[in-house]
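No hydrogens, no waters, no symmetry mates; every other heavy atom, side chains included, goes into these values.
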Amino acid sequence: MWKETDEEILQQIPEKLLKWYDQNARILPWRENPQPYRVWVSEIMLQQTRVEAVKPYFERFLKALPTVEDLAQAPEEQLLKLWEGLGYYNRVRNLQRGARAVMAEHGGVIPASFEALKKLPGIGDYTAGAIGSIAFQIPVPAVDGNVLRVISRVLYRRDNILDAKVKRRIEGEIKEILPERTGDFNQSLMELGATVCLPNGAPKCNECPLQELCRAHLVGDEESLPVKTKAKKRKIEQRTVFLLVCDGKIALRKRPEKGLLAGLWELPSQEGMLGCAEAGKLLQTWGVRTLGELQKQTDAKHIFSHVEWHMTCWYVEAALDPDADVKELIWVSRKELDQDVALPAAFKTYRKVIEKIL
DNA sequence: AATTCGGGGAG
DNA sequence: CTCCCAGAATT
């Protein structure tokens, strides 16, 4: 079938790739000074998140919380504010749980062991491999989506890369070819995937250091790889949201501690598309009297992985009913909104309106 | 093994 | 629109 075996191809990768990496590695903030804490924070931020999106968050986060101890002691509100807009908010909660574990169980020193790293909350196979190899030069693989794509193409594997068995097999194969510079090698595989061996049928094979090794390129079938099972269809939910303004403050509500956008703040809302009359009735149950007319604001759509919100929005100047004891809503000023409250990107459409009002 | 966690950029 | 991204935790 093939001229060379899988092993023969794999063994040629490290030398070629490291040579390429030395010339083509991007300059990234967390690469300049790869201390364990910096690598840890960067790897958590980079989970399912692009490099360009992470850059500004990384700088700000390290400035605010320069050490593991600072992170362990930070209030959750500060963590969420630093993570605001980055998504997957449990990452930062787990990061702090990990920091607290490091303080309590490792004397404040991040452990230089793959197994110990993997026991920390939020650190799985990939992240333990990345921190271990990059920060501690431990010879362990770090197989992410980039690596799975690169290896699938080079070896022309048509396996479903979402299958855990497929990932374990590739991890084993990478382990066998790890060179001395393990951290650089792991990064070079990811770097190739991120900058050359691009997904969605857009690989730049003419720039690729593995071109002459790559079976998929030899066959001319790079674009059909990697194979992945199809994602599930999204549900669509209609919601009515409210811009309630009272004395220069806007109403917010804290989301439940579990589930989507857990523990973040949001504009108060209600399932369904409420008309003017229904909306007014709902506001009464929140202890809010309306001073003027309810006005329609721009509708918005927000897409999550498994659900899609179609939001229609009412704006009204409100007055608080002094007799009503409603704890659901809090009223925040512009300053508090900017400094203290983490509002998910789902509401960024309304952000401009809010800024104009307050 | 399947689902659920965000958000943005590219085709 | 669809797909993907330096994945992990939960069910």
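When each of A:K301 and A:S42 is assigned the nucleotide of DNA chain C with its nearest heavy atom, A:K301 is the one assigned upstream, toward the 5' end. For the pair A:I123 and A:S305, nearest-nucleotide mapping onto DNA chain C gives the more 5' position to A:S305. Heavy-atom distances to DNA chain B give each of A:I303 and A:A202 a nearest nucleotide, and the one nearer the 5′ end belongs to A:I303.
Note on A:N146: a side-chain N or O is less than 4.0 Å away from OP1 or OP2 of C:dA6. Close to C:dT10, at under 4.0 Å from its OP1 or OP2, lies no side-chain N or O of A:K258. A:K235 has no side-chain polar atom (N or O) that falls below the 4.0 Å cut-off from OP1 or OP2 of B:dT3. Distances shorter than 4.0 Å separate none of the side-chain N or O atoms of A:Q47 from OP1 or OP2 on C:dG7. Contact between the side-chain N/O atoms of A:K228 and the OP1/OP2 oxygens of C:dC5 is found at a separation under 4.0 Å. Contact annotation: A:K348 does not reach the phosphate of B:dG7 (side-chain N/O to OP1 or OP2, under 4.0 Å).
Nucleotide B:dG9 holds its P atom 12 Å from the NE2 atom of A:H302, rounded to whole Å. Protein atom CD1 of A:I161 is 16 Å distant from nucleotide atom P of B:dA1, rounded to whole Å. A straight line from CG of A:L80 to P of B:dG7 spans 12 Å, rounded to a whole angstrom. One interatomic measurement links the two molecules: OH of A:Y57 to P of C:dA6, which rounds to 17 Å at whole-angstrom precision. Rounded to whole angstrom, the span from the CD atom of A:Q48 across to the P atom of C:dG7 amounts to 5 Å. Between A:L46 atom CG and C:dA6 atom C1' there is a gap of 5 Å when expressed in whole angstrom units. Atom CD in A:E223 sits about 12 Å away from atom C1' in B:dG11, given to the nearest Å. Computed from coordinates, the A:L86 CG to B:dC5 P distance equals 17 Å when rounded to whole Å.
For an aromatic pair to be called close, the ring centres must be under 6.0 Å apart, and A:F242 with A:W286 satisfies this. For A:H302 and A:F304, the ring centers are positioned less than 6.0 Å apart.
Minimum atom distance to the side chain of A:R31 is reached by C:dA6, of the listed B:dG8, C:dC1, C:dA6. Side chain of A:N200, nearest nucleotide from B:dG7, C:dA6, C:dC3: C:dC3. Ranking B:dG7, B:dA1, C:dA6 by closeness to the A:Y126 side chain, first place goes to C:dA6. Taking the side chain of A:H306 as heavy atoms from C-beta on, and the options B:dC5, C:dA8, B:dG8, the nearest nucleotide is B:dC5. If you check B:dC5, B:dG7, C:dC3 against the side chain of A:L260, the one that comes closest is B:dC5. If you check C:dC4, B:dG7, C:dA6 against the side chain of A:A346, the one that comes closest is B:dG7. Residue A:Y88 places its side chain closer to C:dG7 than to any other of C:dC4, C:dG7, B:dT4.
When each of A:L148, A:V143, A:D144, A:I174 is paired with A:L189, the side chain to side chain contact (heavy atoms under 4.5 Å, CB included) condition holds for A:I174 and for no other.
In this structure, A:I44 reaches neither bases nor backbone, as no heavy-atom distance under 4.0 Å exists between it and the strands shown. Within 4.0 Å (heavy atoms only), A:A345 reaches sugar-phosphate atoms of the nucleic acid but no base atom. Residue-level contact check: A:T127 touches the backbone only, with heavy atoms under 4.0 Å from sugar-phosphate atoms and none from bases. Across all strands, A:K118 comes closer than 4.0 Å to no nucleic acid atom at all (heavy-atom distances). At a threshold of 4.0 angstrom between heavy atoms, the contacts of A:E52 with the nucleic acid are absent. Across all strands shown, A:D125 has heavy atoms under 4.0 Å from sugar-phosphate atoms exclusively, and none from any base. In this structure, A:R26 reaches the bases: a heavy-atom distance under 4.0 Å links it to at least one base atom across the strands shown. Residue A:F304 is in sugar-phosphate contact alone, with no base atom involved, counting any heavy-atom pair closer than 4.0 Å across all strands shown. Among the heavy atoms of the strands lying under 4.0 Å from A:G259 are primed sugar atoms or P, OP1, OP2 only; no base atom is included. Heavy atoms of A:L28 sit under 4.0 angstrom from at least one base atom. Looking at heavy-atom distances under 4.0 Å, A:R149 makes contact with sugar-phosphate atoms alone, never a base. Nucleic acid contact class of A:W83 (heavy atoms, under 4.0 Å, all strands): none.
Between the side chain of A:R50 and the base of C:dC4, at least one donor-acceptor pair of N or O atoms lies under 3.5 Å. In terms of polar N and O atoms assigned as donor or acceptor, the side chain of A:T49 never comes within less than 3.5 Å of the base of B:dG8 in a complementary pairing.
Between A:K55 and A:E59 there is no salt bridge, since no side-chain N of the basic residue sits under 4.0 Å from a carboxylate O of the acidic one. Under 4.0 Å is where a charged nitrogen must lie from a carboxylate oxygen, and between A:R93 and A:E76 at least one such pair does.
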Walk me through it: do A:E43 and A:Y126 pass the test side-chain hydrogen bond (donor to acceptor under 3.5 Å, both in side chains)? CA-CA 9 Å; A:E43 289 299 340; A:Y126 162 74; 2.7 Å; yes
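Here the separation of B:dG11 from C:dA6, taken at their P atoms, is 15 Å to the nearest Å. Remark: the separation of the C1' atoms in C:dA9 and B:dG8 is 23 Å, to the nearest Å.
Note: A:Y37 and A:W40 have perpendicular aromatic rings, judged against thresholds of 30 and 60 degrees for the angle between ring planes.
Judged by the 6.0 Å distance and 45° axis criteria, A:K301 is not positioned over the aromatic ring of A:W309.
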